[in-house]
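Labels below follow one simple rule: chain letters A, B, ... track the order of the sequence lines, proteins then strands, and each chain is numbered from 1.
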There are 2 protein chains.
Amino acid sequence: MRPIKTNPSPTISDVAKAASVSTATVSRAFSRPEMLRQETVNQVRFHATKLGYLPNLAARALSTGRQGNIAILVPDIANPFFPPLLRAAQATADFAGYSVFLGDSDEDPEREQRLVNKLVMQVEGFILASSRMQNKKILELSERQPVVLINRDTPGLPRVLIDTVAGIDAAVAHLAAFGHQHLVYISGPAASWSDQQRRSAVSNAAARHKMKMQSVPARHPSFDAGREVTSTVLNMDVTAAITFDDFVAHGLLAGLAEQGVLVPRDFSVIGCDDVLGASTYPALTSVSARCDEAGRMAADLLISTLQTGKRGDVRCLLETWLVIRDTTAPAPKTGRPKLKKKVLPKNNLGDLAFTGTRSSV
Amino acid sequence: MRPIKTNPSPTISDVAKAASVSTATVSRAFSRPEMLRQETVNQVRFHATKLGYLPNLAARALSTGRQGNIAILVPDIANPFFPPLLRAAQATADFAGYSVFLGDSDEDPEREQRLVNKLVMQVEGFILASSRMQNKKILELSERQPVVLINRDTPGLPRVLIDTVAGIDAAVAHLAAFGHQHLVYISGPAASWSDQQRRSAVSNAAARHKMKMQSVPARHPSFDAGREVTSTVLNMDVTAAITFDDFVAHGLLAGLAEQGVLVPRDFSVIGCDDVLGASTYPALTSVSARCDEAGRMAADLLISTLQTGKRGDVRCLLETWLVIRDTTAPAPKTGRPKLKKKVLPKNNLGDLAFTGTRSSV
DNA sequence: TTGTATGCGTTATCAG
DNA sequence: CTGATAACGCATACAA
């Protein structure tokens with residue numbers, strides 16, 4: 001039994017002894033001071049800090065059934081979409097007194113499930129951001145405890161959705177106003193709700209503007225995959241592209257530069273997520289969203305669920321908008337951009353850029 | 001007592017009843033199957049999964065003193081320096097069976113301490129990345145349980161340091177080879193070990209190359225602060241700058257563009273951390289490091305400490321190197337870059353770029 | 001190989 | 001307002 005603890009932490013009863021009170025009193029001095037005389041509380045607190053006592057939350061959890069922890073699971077921490085979200089969620093949870101477990105599923109549903117199983121007994125609820133698990137599994141989990149989803153539209157569960165539709169509508173309108181007639185959507189992971197949403201938003205908006213629209217899958221939501229589809233895109237007689245995310249757009253920009261296609265003169269490009277700011281060249285026009293807001297909302301939702309006990313079916317949509325920069329311009333007169341092979345410019349844009357960075361949301 | 005659990009999770013004794021064995025047997029079926037007959041294990045496991053039983057790790061922790069959790073604290077999750085680090089650390093910990101708590105101190109020592117206190121009884125050890133706490137507090141914590149530091153050089157504690165010296169040496173040599181005679185280091189947060197290291201590395205290398213070197217503090221390690229020091233820098237008769245990090249460099253690039261100073265023709269700029277890839281324009285020459293490696297190392301160090309019980313005084317240095325892109329070139333003939341006021345180019349580089357993103361490491 | 005009994009640190013119940 | 005004590009779910013000596 002007795003583990004060889006290097007530094008046995010003082011327990012509630014150590015403090016009790018020191019303060020000459022019962023363990024119950026010590027407990028109350030921390031969890032419900034209002035039940036005690038102020039003087040008693042001070043006494044206890046005094047001895048507690050002297051001994052370096054800190055409440056053992058695991059033991060408390062065992063007794064109360066409340067852990068004071070939540071878990072946030074993401075498919076890829078390193079995807080720039082998530083850090084602001086994580087940051088906001090963490091801050092919100094912390095403010096409400098909760099600690100947060102972080103799990104990275106590495107885009108793998110099984111791994112996500114494993115993380116869930118490992119954490120489920122230690123937390124009071126989950127935030128699943130861009131979950132890759134099957135709906136069935138998610139619903140299963142939600143019977144055990146509160147779950148809030150981000151960018152996953154599962155009816156019956158509270159969810160925060162970054163509604164790219166408005167932003168994409170604006171993007172397509174922007175292109176239409178510039179006289180583009182035919183555009184391509186370069187898609188991301190099929191399993192991603194965001195991708196489905198974006199694709200159909202582009203399609204609908206294009207239809208409204210009587211534009212022709214085609215879709216090309218990127219192998220992976222990354223710079224490299226974006227660069228790889230360049231030739232395919234150039235063979236399509238389109239004059240503009242909207243991409244699943246900024247990394248794909250970034251790769252496409254590099255690919256176009258290599259082929260000697262001038263952006264935005266010959267071709268227009270619009271990204272999504274706006275995680276690269278203005279730091280691409282030319283500065284990328286992109287559909288932007290406050291992803292930190294998504295994190296904050298999700299945490300708020302989860303915490304209020306925990307505190308009220310009511311599990312709502314909230315469907316919270318977050319606005320997006322178009323940030324116009326320098327990769328969009330009027331459609332070229334000739335329908336198809338010319339394909340003159342050209343030596344790379346001195347700054348071999350992107351050779352070292354974000355290679356391998358994932359970004360499916 | 002009995003909390004109104006919405007969904008009372010099955011416990012070890014539920015399983016015991018179902019499988020007609022004792023609780024001890026169920027316990028062993030999960031923690032030490034080798035002590036049981038294969039058949040018994042199967043029986044128990046069967047009923048366990050049928051009931052949806054999952055071991056309560058909090059309870060296990062109470063009994064064994066081992067939580068199976070570690071904590072990683074960072075000053076700012078949204079700083080692109082950390083996500084790869086977090087990702088690697090999380091993966092490493094997960095592989096070893098540990099779950100990880102994530103804490104964001106928001107650059108605030110007190111908040112960091114609060115997080116530590118909240119987590120200390122739930123974890124077996126800490127990874128403190130770029131800790132802002134006083135050395136004293138860190139050492140205090142380390143008496144309670146294993147602590148591994150990242151980018152903080154506290155003797156006596158295991159620590160992983162990204163050794164920018166080599167990279168900075170290369171950077172200064174690079175500038176020297178280009179004929180620069182006088183450079184400025186734009187510094188970051190004074191509390192940061194990294195900043196101290198970088199500043200003195202620049203200073204030493206400059207001395208070796210017989211270059212004049214001055215130092216200018218950026219108000220904050222950010223794009224805006226970098227832009228703000230532009231005039232100061234231009235009044236200094238220097239031809240090159242090395243900045244605390246890429247964001248400051250990025251801001252400086254924008255500031256220089258606004259002032260009509262051509263980079264790299266009139267002025268050379270080198271960043272640190274290489275978190276912007278090639279996505280600035282011109283693509284930024286930067287001192288690069290594998291920050292994911294730092295996360296992996298730290299996690300490995302912590303976990304091996306936990307498993308062997310030996311707390312070493314390891315000081316692990318991680319290599320850095322210079323990635324040469326397009327913001328460095330031979331020094332201009334005239335010592336000082338000309339200061340012709342100019343209208344901003346169409347792409348107002350940086351107006352929307354990473355504003356507010358922090359980046360002190 | 002398996003079962004019984006006890007303790008881990010805390011909170012809740014019930015008396016005082 | 002405070003004290004004694006039984007849980008909470010699990011792991012482990014000890015017994016069988």
Side-chain angles (χ1 to χ4, degrees), chain A residues 1-5 7-44 48 51-69 118 120-124 144, chain B residues 1-5 7-45 47-48 51-68 118 120-124:
Chain A
M1 182 73 246
R2 198 148 314 250
I4 313 102
K5 269 194 164 182
N7 260 314
S9 304
T11 75
I12 209 170
S13 62
D14 295 326
V15 180
K17 232 164 284 171
S20 317
V21 294
S22 75
T23 59
T25 302
V26 178
S27 170
R28 291 194 263 254
F30 285 93
S31 29
R32 354 191 75 164
E34 71 278 7
M35 286 183 66
L36 264 44
R37 261 184 16 225
Q38 184 59 48
E39 201 188 310
T40 318
V41 175
N42 293 341
Q43 281 291 324
V44 173
L51 292 179
Y53 166 79
L54 289 174
N56 183 326
L57 298 186
R60 177 180 291 176
L62 195 55
S63 182
T64 61
R66 226 167 288 147
Q67 287 75 14
N69 300 326
K118 223 166 63 172
V120 69
M121 299 299 293
Q122 297 193 79
V123 302
E124 294 177 42
R144 271 183 170 266
Chain B
M1 182 70 245
R2 197 150 314 250
I4 314 102
K5 269 195 162 181
N7 259 314
S9 304
T11 74
I12 208 170
S13 62
D14 295 327
V15 179
K17 232 162 286 172
S20 319
V21 294
S22 74
T23 60
T25 302
V26 179
S27 170
R28 291 193 263 254
F30 285 92
S31 30
R32 355 193 74 163
E34 71 279 6
M35 286 183 67
L36 265 45
R37 258 181 21 222
Q38 184 60 46
E39 202 187 312
T40 318
V41 175
N42 294 340
Q43 282 291 324
V44 174
R45 290 252 170 99
H47 286 100
L51 293 177
Y53 167 80
L54 289 176
N56 183 325
L57 298 186
R60 177 180 291 176
L62 195 56
S63 181
T64 60
R66 227 167 289 148
Q67 287 74 14
K118 224 166 64 173
V120 68
M121 298 299 294
Q122 297 194 81
V123 303
E124 294 177 43

Worksheet, complete the sentence: Note: contacts of residues 19-32 of chain A with DNA chain C (heavy atom, under 4.0 Å) are A/A24, A/S27, A/R28, A/S31, A/R32
Discussion item. If you compare every side-chain N and O of A/T40 against the phosphate oxygens of D/dC1 (OP1, OP2), does one of them come in below 4.0 Å?
Written reply: no
Discussion item. Would you compute the distance between atom OG1 of B/T40 and atom CD of B/Q38 and round it to the nearest 0.5 angstrom?
Written reply: 9.0 Å
Discussion item. If I take atom NZ in residue A/K17 and atom C1' in nucleotide C/dG9, what distance separates them, rounded to the nearest angstrom?
Written reply: 13 Å
Fill in: Net bend of the helix from C/dT1-D/dA16 to C/dG16-D/dC1, end axes of five pairs each, nearest 10 degrees
40°
Discussion item. Do A/D14 and A/T11 make a side-chain contact, defined as non-hydrogen atoms from C-beta onward lying under 4.5 Å apart?
Written reply: yes
Worksheet item: How close or far is atom P of C/dT10 from atom CG of B/L62, stated in whole angstroms?
Response: 9 Å
Worksheet, complete the sentence: Contacts of B/M35 and A/S13 projected onto DNA chain C by closest heavy atom; the upstream (5') one is B/M35
Cut-off 3.5 Å, no hydrogens considered: what does the side-chain donor-acceptor table look like for residues 21-36 of chain B, sequence neighbours left out?
residue : atom : partner : partner atom : Å
B/S22   : OG   : B/A24   : N            : 3.4
B/S22   : OG   : B/T25   : N            : 3.3
B/S22   : OG   : B/T25   : OG1          : 3.2
B/S31   : OG   : B/S27   : O            : 2.8

Discussion item. Side chain of B/S63 only, heavy atoms from C-beta on: which candidate in D/dT2, D/dG9, C/dT2 is closest?
Written reply: D/dG9
Fill in: Atom pair CG/CZ of A/N42 and A/R37 - distance to nearest 0.5 Å
10.5 Å
Discussion item. Using whole Å, what does the distance between atom P of nucleotide D/dC8 and atom CE of A/M121 come to?
Written reply: 13 Å
Item to complete: Give the minimum heavy-atom separation between B/R60 and B/P55, together with the two atoms involved.
Response: NH2-CB, 3.5 Å
Fill in: Interatomic distance, A/L57 CG vs C/dG9 P [rounded to whole Å]
14 Å
Fill in: Value rounded to 0.5 Å, distance of OG in B/S20 from NE2 in B/H47
6.5 Å
Worksheet entry | side-chain N/O A/R37 vs D/dC1 OP1/OP2, d < 4.0 Å | no
Worksheet item: Which nucleotide, C/dT10, C/dA12, D/dC10, lies nearest any side-chain atom of B/A59?
Response: D/dC10
Discussion item. Between P on C/dT11 and CG on A/L36, what's the gap in Å once rounded to a whole number?
Written reply: 12 Å
Item to complete: Nearest whole angstrom, please: distance from the C1' of D/dG9 to the CZ of A/R60.
Response: 18 Å
Worksheet, complete the sentence: Taken in chain and number order and not counting sequence neighbours, the residues that satisfy side chain to side chain contact (heavy atoms under 4.5 Å, CB included) with B/E124 are B/R66, B/Q67, B/Y98, B/L306
Worksheet entry | Nucleotide C/dG9, atom C1' - distance to CG of A/N56 in whole Å | 6 Å
Worksheet item: CD1 of A/I12 versus C1' of C/dA12: gap in Å, rounded?
Response: 12 Å
Item to complete: Starting at OG of B/S63, measure out to CG of B/N56 and round the result to the nearest 0.5 Å.
Response: 11.5 Å
Discussion item. Rounded at 0.5 Å granularity, tell me how far CD in B/Q122 sits from CG in A/L57.
Written reply: 4.5 Å
Worksheet item: B/T64 has a side chain; which of D/dC10, D/dA11, C/dT2 sits nearest to it?
Response: D/dA11
